[in-house]
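Worksheet for the structure shown next.
For reference, positions follow the sequence shown, starting with 1. Values in this document were obtained by computation on a predicted structure and should not be read as measured data.
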Amino acid sequence: MIDSSTIWITGAGGLIGNYLVQKARDFIPSARVIGLTRQHLDLTDFDAVKGQFKQQQPKLVIHCAAMSQSPACQANPQLARLVNVEVTRMLAALCADIPFVFFSSDLVFDGKKGNYDETAAVSPLSVYGETKVEAERVVLENSGHSVIRTSLNGGTSPAGNRGFNEQLRDDWTAGRVSKLFTDEFRCPIPALETARAVWDLVVKNRPGLYHLAGSEKISRWQIGELIAARWPQLHPRLEATSLKTYAGAPRPADCSLNCAKIQSLLSFPLPGLSGWLRNHPQEVF
């Protein structure tokens with residue numbers, strides 16, 4: 001039982017981690033939730049982490065911290081593997097006898113098919129995706145541990161630049177044009193809903209591999225249009241582009257996720273982005 005226990009949430013300075021800290025009290029009101037940030041504890045300092053773990057003795061760890069920017073991972077794969085794989089390996093070992101929830105990504109897939117469920121074969125196109133696949137395998141060696149593959153998350157982050165919506169707004173505030181693919185598809189979801197779903201799952205104590213994303217598959221371009229309609233005062237400028245003419249590192253075209261497995265366990269329906277925005281007109285997004 002974790003009702004009145006200590007809970008660790010890594011990456012609490014990020015988007016999803018911050019929402020998990022905020023929503024914890026709604027699901028486990030008596031728990032002592034410790035949101036770990038890089039300033040609070042360097043997860044690559046294994047001795048320091050082990051010392052804090054021994055001292056605080058958490059009964060649940062939700063691991064959101066990651067090196068998540070794909071270009072940075074491509075530029076420094078050694079650091080990406082340290083942060084995304086070896087830190088996860090260390091935490092999973094510390095949590096051998098308690099629940100451990102690891103956040104992964106839809107970018108473990110190559111995007112050739114779409115509508116991926118949990119039985120689909122992984123085939124990452126990037127170093128970031130490769131590190132997530134490797135870490136997933138480590139985590140799932142323990143049948144009491146969980147992997148949550150999610151998609152693009154939006155919302156309000158402590159740094160103001162972690163959500164896809166915040167990044168678009170940053171472009172428009174600076175007068176930049178957002179170049180968005182019309183043929184790259186994801187299942188975006190508000191991080192608030194991601195956090196609700198994870199706590200719902202934790203309370204039910206159903207470990208395993210789950211896909212957790214929005215119920216609507218839309219393109220990067222469509223995402224941009226939705227957010228632009230929310231912020232006319234920023235005079236948004238969008239430019240449609242295509243993967244066919246993109247000269248950068250390989251990008252998966254359709255990483256949409258089938259979330260039927262987790263949806264069957266949740267107490268609420270996972271929303272699509274356009275419907276959620278319509279239903280939350282006052283939400284800063």
Side-chain angles (χ1 to χ4, degrees), residues 14-16 18-19 66 68-74 105-107 109-116 125-126 128-129 149-195 211-259 270-285:
L15 181 69
I16 297 174
N18 183 55
Y19 276 102
S68 58
Q69 296 300 314
S70 198
C73 293
Q74 292 293 130
S105 168
D106 54 0
L107 295 180
F109 298 112
D110 59 17
K112 293 180 180 178
K113 179 183 175 185
N115 195 35
Y116 294 101
L125 300 182
S126 64
Y128 171 69
R149 291 179 182 148
T150 193
S151 185
L152 295 174
N153 274 249
T156 301
S157 64
N161 61 2
R162 301 295 180 87
F164 63 81
N165 56 312
E166 294 177 316
Q167 293 159 7
L168 287 167
R169 296 202 319 258
D170 282 351
D171 279 348
W172 304 331
T173 300
R176 294 189 294 267
V177 177
S178 297
K179 297 183 178 182
L180 301 169
F181 296 111
T182 60
D183 51 1
E184 180 181 302
F185 297 90
R186 308 285 285 277
C187 293
I189 185 170
L192 171 66
E193 305 298 336
T194 299
H211 288 178
L212 171 51
S215 59
E216 176 185 34
K217 179 178 89 169
I218 55 177
S219 70
R220 289 274 191 173
W221 169 258
Q222 290 171 305
I223 294 169
E225 288 187 311
L226 287 170
I227 305 305
R230 199 91 161 179
W231 295 92
Q233 66 270 35
L234 297 182
H235 307 291
R237 297 164 63 202
L238 286 73
E239 180 181 322
T241 187
S242 171
L243 288 176
K244 297 181 180 68
T245 57
Y246 177 67
R251 298 176 66 98
D254 184 350
C255 279
S256 55
L257 297 178
N258 182 324
C259 300
L270 292 169
L273 181 62
S274 57
W276 188 91
L277 290 172
R278 278 195 308 272
N279 293 334
H280 297 81
Q282 303 306 317
E283 193 83 25
V284 177
F285 200 95

Nearest heavy-atom pair of [X] and [Y]: which atoms, and what distance?
{"X": "A229", "Y": "P232", "result": "O-CD, 3.6 Å"}
{"X": "T150", "Y": "L212", "result": "OG1-O, 2.7 Å"}
{"X": "Q233", "Y": "R230", "result": "OE1-O, 4.2 Å"}
{"X": "R162", "Y": "A159", "result": "NE-CB, 4.3 Å"}
{"X": "G272", "Y": "S215", "result": "N-OG, 2.9 Å"}
{"X": "C259", "Y": "L270", "result": "CB-CD1, 3.9 Å"}

Indicate yes or no for a side-chain donor-acceptor contact from [X] to the backbone of [Y] under 3.5 Å, with no hydrogens or angles considered.
{"X": "E216", "Y": "S274", "value": "yes"}
{"X": "Q74", "Y": "A249", "value": "no"}
{"X": "D171", "Y": "V177", "value": "no"}
{"X": "S157", "Y": "G14", "value": "no"}
{"X": "E184", "Y": "A253", "value": "no"}
{"X": "Q222", "Y": "S219", "value": "yes"}

Handout entry: Chi angles and distances behind the side-chain contact (heavy atoms from CB on, under 4.5 Å) call for L192, F285
Key = CA-CA 11 Å; L192 171 66; F285 200 95; over 6 Å; no
Side chain proximity check, [X] to [Y], heavy atoms < 4.5 angstrom:
{"X": "Y116", "Y": "D110", "result": "yes"}
{"X": "W231", "Y": "V284", "result": "yes"}
{"X": "L273", "Y": "L152", "result": "no"}
{"X": "T241", "Y": "Y246", "result": "no"}
{"X": "W172", "Y": "L238", "result": "yes"}
{"X": "K217", "Y": "D254", "result": "yes"}

Calculate, to the nearest 0.5 Å, the distance between atoms [atom1] and [atom2] belonging to [X] and [Y] respectively.
{"X": "S242", "Y": "W221", "atom1": "OG", "atom2": "CH2", "answer": "13.0 Å"}
{"X": "S178", "Y": "D170", "atom1": "OG", "atom2": "CG", "answer": "9.5 Å"}
{"X": "L125", "Y": "R251", "atom1": "CG", "atom2": "CZ", "answer": "10.5 Å"}
{"X": "I218", "Y": "E225", "atom1": "CD1", "atom2": "CD", "answer": "9.5 Å"}
{"X": "R169", "Y": "I227", "atom1": "CZ", "atom2": "CD1", "answer": "8.0 Å"}
{"X": "W276", "Y": "E283", "atom1": "CH2", "atom2": "CD", "answer": "4.0 Å"}

Problem - With sequence neighbours excluded, residues passing side chain to side chain contact (heavy atoms under 4.5 Å, CB included) with A191 - result: L15, I16, Y19, N153
Problem - Listed partners of D106 passing side chain to side chain contact (heavy atoms under 4.5 Å, CB included), at least two apart - result: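 Counting only residues at least two positions away or on another chain, D106 forms a side chain to side chain contact (heavy atoms under 4.5 Å, CB included) with S151, R186, C255, L257.
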Handout entry: Stepwise side-chain contact (heavy atoms from CB on, under 4.5 Å) test for L180 and I223
Key = CA-CA 9 Å; L180 301 169; I223 294 169; over 6 Å; no
